[in-house]
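In what follows, every chain begins at residue 1, and chains take the letters A, B, ... in the order their sequences are listed.
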2 protein chains.
Amino acid sequence: MKIDPDNPADLSAQIAAAIRDAIVDGTLIVDERLPSEAELSEQFEVSRPTVREALKRLAAQSLIRTQRGATGGAFVNRLSFEAAYPQQITTSTLLLSMNAVSFGTACEARYALERACAPLSADRRSADHLATMRAEIHRQGQPGLTDEAFCASDVAFHRALVDGAGNPVLSYQLAGAVEAMQPLMNMITFTARDRARIIALHTDIADAIEAQDGVATSAALTALEAETQTLAASVFASRAARS
Amino acid sequence: MKIDPDNPADLSAQIAAAIRDAIVDGTLIVDERLPSEAELSEQFEVSRPTVREALKRLAAQSLIRTQRGATGGAFVNRLSFEAAYPQQITTSTLLLSMNAVSFGTACEARYALERACAPLSADRRSADHLATMRAEIHRQGQPGLTDEAFCASDVAFHRALVDGAGNPVLSYQLAGAVEAMQPLMNMITFTARDRARIIALHTDIADAIEAQDGVATSAALTALEAETQTLAASVFASRAARS
DNA sequence: AATTTTCATATGTCTTACAATTAGTGTTTG
DNA sequence: CAAACACTAATTGTAAGACATATGAAAATT
């Protein structure tokens, strides 16, 4: 594990890359303790602050954790799906907001991915997932609900649908696509009539899931996508007209 | 933008979180220059190394870039899909290898997501994407190809399929699912007969895409998934028997 | 034996300093 | 006058040393 002092890249970036590679290729295994900062600075022939910057880079990616004290140090993290979620969501959100991705494109991706989960979720959903979906539908019908709370409930509903597939890899990937849409959804004002239509489609989805009918679930998702796209188009059109 | 000195969390983590939040909620916009390290250390009332550790955390997530020199400093990055790919792939790969995700689960997720792209890709694929797919099929038929090269070509084929949908959000999400499978696929030994079957299915997919037949594309993907699962099951079974 | 104290070790933070890079500025020179 | 050049100031990159703080383990004490 060596670094090139002539490399124009920052030493801390090089050191971080070297350690990251060691983790990815299995040279460093989960829960293994890295050498202390002082030892690393000797090994790489750099100062301790430089080593620390490298370790902070890795910590930012949840690849290591640090612990103070006598038996402390930096340890290789077991990257859990739970820990990876926030990262994935932040990145997805920024990708949408910084790259002028249209609402239509993001929405299309989201529903395409959800339809991918539909047959699996219809097949495997537990009573728990179904109950969550029904509960969120009920919440969405409550009077006095703000648009933001409505959107948050919408996200919770769809995540229950996705989690119903019982595949952590799918849940992880979908989390990014679904949650990243929330800021875009929050730009929409939902009238009572809009909400009623969405709730009706949610009910269709929940019914199809309950009946373990994957095809019907997909169809209902397609209808919901169309509804969402139409709604967004009208909102953006009226907003454009006003300005 | 403040931090709490009584917070048990590292100051650099708090500072990084504060700046990240400012980027996510739009307080800091793309290409905006952050205050210099010296100014930040005054604002947050910490030392420069601490500020630097915070900035390195953000740099590790591609949220900022730094530039040396007179007009240098730290700038908010436009998070591009290209820059986010490697991150997404590394994270997905580690999630699979560190969480005892079975081959079956990962494979199921991958093909479910690919099927989500199939109708869109069949509808929109350019001649370019089709040509890439045909070229990779041809490469896969070359004699003397190593298993690793075969897998790499397989990934390239599937990425062309996904990119054909012309939806960057889908391409981004799929990159993680497809690329992260590669280490798992590399554990498989492909006999000449295995390869022939896979190539035949790839050809079916390319034909369906060329005919812009989304249903046929999905069906071919389902067949390929079944083939891959069967193949993997036999490989792992014989490996288990040997040991 | 249980509790407290001490101690060694490691990370967290601060201070100061210098090196390297780079845009702008001023000066010299053709 | 214009162009090349040297200088300057600002900023990040790296280094070295020190102290603060947390923490587990060993030693001392009750």
Report yes or no: does [X] contribute a side-chain atom to a donor-acceptor pair with the main-chain N or O of [Y] at less than 3.5 Å?
X: A:Thr91; Y: A:Gln88; value: no
X: A:Gln14; Y: A:Ala9; value: yes
X: A:Arg78; Y: B:Met98; value: yes

Between [options], which one does the side chain of [X] approach most closely?
X: B:Thr66; options: D:dG13, D:dT11, C:dG12; answer: D:dG13
X: B:Ala70; options: D:dG13, D:dA10, C:dG12; answer: D:dA10
X: A:Arg68; options: D:dT14, D:dT21, D:dT11; answer: D:dT21
X: B:Ser36; options: D:dT12, D:dA15, D:dT14; answer: D:dT12
X: B:Pro49; options: D:dG13, C:dT15, C:dG12; answer: C:dT15
X: B:Arg48; options: D:dA16, C:dT13, D:dG13; answer: D:dG13

Rounded distance (Å) that lies between atom [atom2] of [N] and atom [atom1] of [X]:
X: B:Arg65; N: D:dT11; atom1: CZ; atom2: P; answer: 17 Å
X: A:Glu37; N: D:dA20; atom1: CD; atom2: P; answer: 18 Å
X: A:Glu53; N: D:dT14; atom1: CD; atom2: P; answer: 7 Å
X: A:Leu40; N: C:dT9; atom1: CG; atom2: P; answer: 17 Å
X: B:Leu58; N: D:dT12; atom1: CG; atom2: C1'; answer: 16 Å
X: A:Leu11; N: D:dT14; atom1: CG; atom2: P; answer: 4 Å
X: B:Arg52; N: C:dT16; atom1: CZ; atom2: C1'; answer: 15 Å
X: B:Glu45; N: C:dT15; atom1: CD; atom2: P; answer: 11 Å

>> Need to verify one output field. Residue with the more 5' nearest nucleotide on DNA chain D, A:Gly69 or A:Ser12?
In response: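 The residue closer to the strand's 5' end, by nearest nucleotide, is A:Ser12.
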
>> Please confirm whether the shortest side-chain N or O distance from B:Ser47 to OP1 or OP2 of C:dC14 is below 4.0 Å.
In response: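 Checking C:dC14 against B:Ser47, a side-chain N or O does come within under 4.0 Å of OP1 or OP2.
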
> With sugar-phosphate meaning primed atoms plus P, OP1 and OP2, does A:Arg33 contact a base, only sugar-phosphate, or nothing at under 4.0 Å between heavy atoms?
Replying inline: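 A:Arg33: backbone/sugar contact only, no base atoms under 4.0 Å.
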
>> Does the plane of the ring in A:Tyr111 sit parallel, tilted or perpendicular to the ring in A:His158? Use 30° and 60° as the thresholds.
In response: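 Perpendicular: the ring planes of A:Tyr111 and A:His158 meet at over 60°.
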
> When rounded to the nearest 0.5 angstrom, what is the spacing between CD1 in A:Ile15 and OG1 in A:Thr50?
Replying inline: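 Rounded to the nearest 0.5 Å, the CD1-OG1 separation comes out at 6.5 Å.
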
